[in-house]
There are 2 protein chains.
Amino acid sequence: MSRTSRQPSGTPARGIPEATVARLPVYHRALSGLVDKGVRMVSSDELARAAGVNPAKLRKDLSHLGSYGTRGVGYEVDYLHYQIARELGLTQDWAVVIVGVGNLGRALAHYGGFASRGFRVVGLVDVDPGCVGEQVGGLTVQSLDRLEEVVRQGGASIGVIATPASSAQGVCERLVAAGVTSVLNFAPAPLAVPDGVDVRRVDLAVELQILAFHEQRKSAVGVAG
Amino acid sequence: MSRTSRQPSGTPARGIPEATVARLPVYHRALSGLVDKGVRMVSSDELARAAGVNPAKLRKDLSHLGSYGTRGVGYEVDYLHYQIARELGLTQDWAVVIVGVGNLGRALAHYGGFASRGFRVVGLVDVDPGCVGEQVGGLTVQSLDRLEEVVRQGGASIGVIATPASSAQGVCERLVAAGVTSVLNFAPAPLAVPDGVDVRRVDLAVELQILAFHEQRKSAVGVAG
DNA sequence: ATGTGTGAACTATTTCACAGCC
DNA sequence: GGCTGTGAAATAGTTCACACAT
């Protein structure tokens, strides 16, 4: 089921490993920094340091995209930067709708890192009548009733859920029904979606809890014995 | 190297896999929901569904903590909930300092999901004089100059960095020097830290870019041919 | 009967180490 | 000489399938 047989030798590179995909944005950002500084060439060692990974991993990751480096020399910064952008789809515009305009939703609406990477927030939606109509980040907050309309008019394929956990599944279903095929979920609840829809979850409390686990182990070293 | 021979029958369980640790908070939250509903027993199938993972994985994960279930019956909700909390260190209090009181920092300061899991925000710090002195989430925002003081007085071992990328490394070094040993980094920059300090990174733009990658592939299906 | 706990098989990811090209 | 690209080895994580306890 849904096991699409991996092309072991396509021309550019079919089936980039998920772990690699998750690091491409990091490389892209590191390269943006080098572009800004006017650096022309970079070695895997330097780029790896800038991105916070080890060089072997970087080279293996890049090898999945093709041979964009020159042996004995390194990578041309501009060229690699563009190739990764293209691979990630950053050369096109993505319309995003944010549902839930609480503190987090506002932070997201104002976040400059989106706009500079081809993500355009085309809609802000909330249930709370006290916040509908308000101007946030240059957009007027719309009523949740108009969710479908906002998604369709904006042509959004990506939805961001920044609502309480209890509303997340319902909102998600309406987003998907309206045409959204990728969801970024900040609500602390698992989402069920049909095949073909991608969900990524960001859970702030989970991150702290993972840190707490390791933190606890550190103290335990002195205690055991 | 570092292959500490697995205790096949130690009392609790040494060396829980990182992937398992990252899911324990999710199980813990699902169990919290069941506790609230007054559910007494739960099977791995039910709990797995509530947590959004598959049952085999759930059972394997739990087996790393010990044998907390009953064959043919399932898991006692309260007991498992407590055991996971203990394993994660949620039975103790963790003092957290947040650096950077922009939109995101504010969202974090107000986030109820922390307090309910033993995370106490004991300090808010920012460079901007226009925001120092302001009351946010029941705390007075302190000047960045007083960072070390705030960490020490609050006894914080966890620091949250919600500053721009350019200040992140500097803030991180000061946090660590003041006694912080775990860092949650929202700034889009890799952090270099000494051994013994844990860093987790949450990068909102990265998440969207990963979605964009898959989104692009979806459209490509119809285009290729 | 039922559903956990777990070896064993499988899949994914990371790291090594070096051949090959500049 | 130096640095990329990559097979091969090592490690980590997931899923299967069934023995075993209740």
- Query: In whole Å, what is the span from the CG atom of Asp45(A) to the P atom of dG5(D)?
  - Reply: 13 Å

- For the pair made of CD in Glu46(A) and P in dC3(D), what is the distance, rounded to whole Å? 8 Å

- Message: I want to check something: taking the side chain as every heavy atom from C-beta on, are Leu90(A) and Ile84(A) in contact at a cut-off of under 4.5 Å?
- Response: no

- Taken to the nearest whole Å, CG/Leu47(A) to P/dG2(D) is 20 Å

- Note on the structure: In whole angstroms, the gap separating C1' of dG5(C) from CG of Leu65(B) amounts to 13 Å

- More 5' along DNA chain C: Thr20(A) or Gly69(B), using each one's nearest nucleotide? Gly69(B)

- Query: Which whole-number value in Å describes the distance from Asp61(B) CG to dT4(C) P?
  - Reply: 14 Å

- Whole Å only: how far is the CG atom of Leu58(B) from the P atom of dT6(C)? 14 Å

- Under 3.5 Å, is there a donor-acceptor pair linking the side chains of Glu87(B) and Gln83(B)? no

- Query: Can you tell which of Arg49(A), Lys57(A), Arg59(A) makes a side chain to side chain donor-acceptor pair (under 3.5 Å) with Ser44(A)?
  - Reply: Arg59(A)

- Item | His64(B) NE2 - dG5(C) P separation (whole Å) | 12 Å

- Query: For residues 22-39 of chain B, which residues have at least one heavy atom under 4.0 Å from DNA chain D?
  - Reply: Arg23(B)

- Item | Pairing residues for Phe114(B) by the ring-ring contact (aromatic ring centres under 6.0 Å, His included) criterion, not counting sequence neighbours | Tyr111(B)

- Message: Looking at Leu208(A), is its backbone amide N or carbonyl O close enough to the side chain of Arg117(B) to form a donor-acceptor pair, meaning the two atoms are under 3.5 Å apart?
- Response: no

- Task: Could you check how far CD1 of Ile16(A) sits from P of dT6(D), rounded to whole Å?
- Result: 14 Å

- Between dC3(D) and Ser43(A), is there an OP1 or OP2 to side-chain N/O distance shorter than 4.0 Å? no

- Message: When you measure from the side chain of Arg106(A) to the backbone of Val101(A), do you find a donor-acceptor pair of N or O atoms at a distance under 3.5 Å?
- Response: yes

- Message: Please verify the inter-ring angle class for Tyr79(A) with Tyr68(A); under 30° counts as parallel, over 60° as perpendicular, anything in between as tilted.
- Response: perpendicular

- Item | Candidate pair Leu58(A) and Tyr27(A), rule side-chain contact (heavy atoms from CB on, under 4.5 Å), full reasoning | CA-CA 8 Å; Leu58(A) 170 67; Tyr27(A) 303 154; 3.6 Å; yes

- Is Lys218(A) paired with Glu215(A) through a side-chain N to carboxylate O contact shorter than 4.0 Å? yes

- Of the nucleotides dT4(D), dT6(C), dT14(C), which one has an atom closest to the side chain of Ser63(B)? dT6(C)

- Message: Under 4.0 Å from OP1 or OP2 of dG5(C): is there any side-chain N or O of Tyr75(B) that close?
- Response: yes

- When every nucleotide of nucleotides 15-22 of chain D is labelled 5' to 3' by its protein contacts under 4.0 Å (heavy atoms), B for base, S for sugar-phosphate only, - for none, what sequence of letters results? B-B-BBBS

